[in-house]
Amino acid sequence: MKKILILNGPNLNLLGVRETSIYGAQDFETYFSTLKSKYDVVELSYFQSNTEGFIIDKLHEVGFEFDGIVLNAGAYTHTSVAIADAIAAINTAVIEVHISNVHTRETFRHHSYLAKNCVGVICGFGLDSYRLGIEALLAR
């Protein structure tokens with residue numbers, strides 16, 4: 001059985017109530033339950049933190065034993081060299097995902113420090129970006 005972690009960064013614990021015009025009205029825990037049902041042949045795990053160091057710790061923890069990581073680092077995507085370095089240091093394939101199309105938003109969101117160390121980037125498909133990330137990992 002493949003093991004995939006969905007790793008969410010800052011403010012994504014507020015999905016469903018935060019800026020619903022951008023991020024939608026569904027909370028992530030409900031969506032994650034849907035994913036677990038759809039991919040019952042995959043061991044899906046979920047972790048969310050608003051703290052950069054905890055995200056790095058989780059990458060280190062699973063980055064040598066899981067088959068893939070679907071990472072939405074939120075705003076850390078555009079600021080964190082440390083998370084980029086953590087992705088480069090592990091063996092597990094990482095797919096960067098974003099709910100919104102970051103290229104239609106503020107200019108500072110157009111650059112990702114993480115992308116060069118990820119196997120791919122998916123953005124703009126709402127919560128379905130996570131499913132597409134899982135599909136990409138399963139197709140590898």
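Residue numbers run from 1 in the order of the sequence given.
- By the rule that hydrophobic residues join a cluster once side-chain heavy atoms approach within less than 4.5 Å of another member, Tyr76 and Val121 end up as members of separate clusters.
- Taking each heavy atom of Ser100 and Cys123 in turn, the nearest pair found is O-CB, 3.6 Å.
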Is there a side chain to side chain contact (heavy atoms under 4.5 Å, CB included) between Arg131 and Tyr39 once you walk through the steps? CA-CA 9 Å; Arg131 182 192 61 79; Tyr39 296 100; 3.1 Å; yes
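- Side-chain rings of Tyr130 and Phe28 approach one another, their centers coming within less than 6.0 Å.
- At a threshold of 4.5 Å between side-chain heavy atoms, the hydrophobic network of Ile, Leu, Val, Met, Phe, Trp and Tyr places Val41 and Val70 in one connected group.
- Here Ile56 contributes atom CD1 and Ile90 contributes atom CD1; the two are 11.0 Å apart, rounded to the nearest 0.5 Å.
- A salt bridge between Glu65 and Lys3 is present, with a side-chain N of the basic residue lying under 4.0 Å from a carboxylate O of the acidic one.
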Hey, mind stepping through Ile69 and Leu59 against side chain to side chain contact (heavy atoms under 4.5 Å, CB included) and telling me if it holds? CA-CA 8 Å; Ile69 299 169; Leu59 287 165; 3.8 Å; yes
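- For the pair Glu96 and Ala115, the tightest heavy-atom approach, listed with the atom from each and the gap, is OE1-N, 3.2 Å.
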Carefully, step by step, assess Leu14 and Asp27 under the rule side chain to side chain contact (heavy atoms under 4.5 Å, CB included). CA-CA 7 Å; Leu14 297 177; Asp27 66 276; over 6 Å; no
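- Pairing each heavy atom of Gly9 with each of Ile55, the nearest pair is CA-CD1, 3.7 Å.
- No continuous path of hydrophobic side-chain contacts links Val102 to Phe125 [ILVMFWY only; heavy atoms under 4.5 Å].
- Transitive grouping of hydrophobic side chains (ILVMFWY, heavy atoms separated by less than 4.5 Å) brings Val97 and Leu138 into a common cluster.
- The CG atom of Leu35 sits 8.5 Å away from the CG atom of Asp128 when rounded to the nearest 0.5 Å.
- To the nearest 0.5 angstrom, Leu132 atom CG is 9.5 Å from Ile134 atom CD1.
- Phe32 and Leu12 fall within the same hydrophobic cluster, where Ile, Leu, Val, Met, Phe, Trp and Tyr residues are linked whenever their side-chain heavy atoms come under 4.5 Å apart, directly or through other members.
- Rounding to the nearest 0.5 angstrom, the gap separating the CD1 atom in Ile83 from the CG atom in Leu71 is 7.0 Å.
- No side-chain donor-acceptor contact under 3.5 Å links Asn72 to the backbone of His98.
- In terms of modelled atom types and a separation under 3.5 Å, the side chain of Ser33 and the main chain of Glu29 share a donor-acceptor contact.
- Here the side chain of Thr92 pairs no donor or acceptor atom with the backbone of Asp67 at under 3.5 angstrom.
- For Tyr113 and His111, the gap between ring centers is short of 6.0 Å.
- Taken from CD in Gln48 to CZ in Phe54, the straight-line distance is 11.5 Å, to the nearest 0.5 Å.
- Shortest non-hydrogen contact noted between Leu7 and Lys58 is CD1-CG, 4.1 Å.
- A distance of 14.5 Å separates OH in Tyr31 from NZ in Lys36, rounded to the nearest 0.5 Å.
- Side-chain contact, Asn50 with Glu52: no donor N or O sits under 3.5 Å from an acceptor N or O.
- Between the side chain of Ser80 and the main chain of Thr77, no donor-acceptor pair closer than 3.5 Å is present.
- The heavy-atom pair separating Ala89 from Phe64 by the smallest distance is O-CZ, 3.4 Å.
- Side chains of Ile95 and Ile122 form a contact here, defined as non-hydrogen atoms less than 4.5 Å apart.
- Side-chain contact between Cys118 and Ile87 is present, with heavy atoms from C-beta onward closer than 4.5 Å.
- Here the closest heavy-atom approach between residue Ser129 and residue Gly124 is recorded as OG-N, 4.0 Å.
- The backbone N or O of Leu114 sits less than 3.5 Å from a side-chain atom of Ser112, completing a donor-acceptor pair.
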Going through the distances and angles, do Phe47 and Ser49 end up as a side chain to side chain contact (heavy atoms under 4.5 Å, CB included)? CA-CA 7 Å; Phe47 181 80; Ser49 180; 3.7 Å; yes
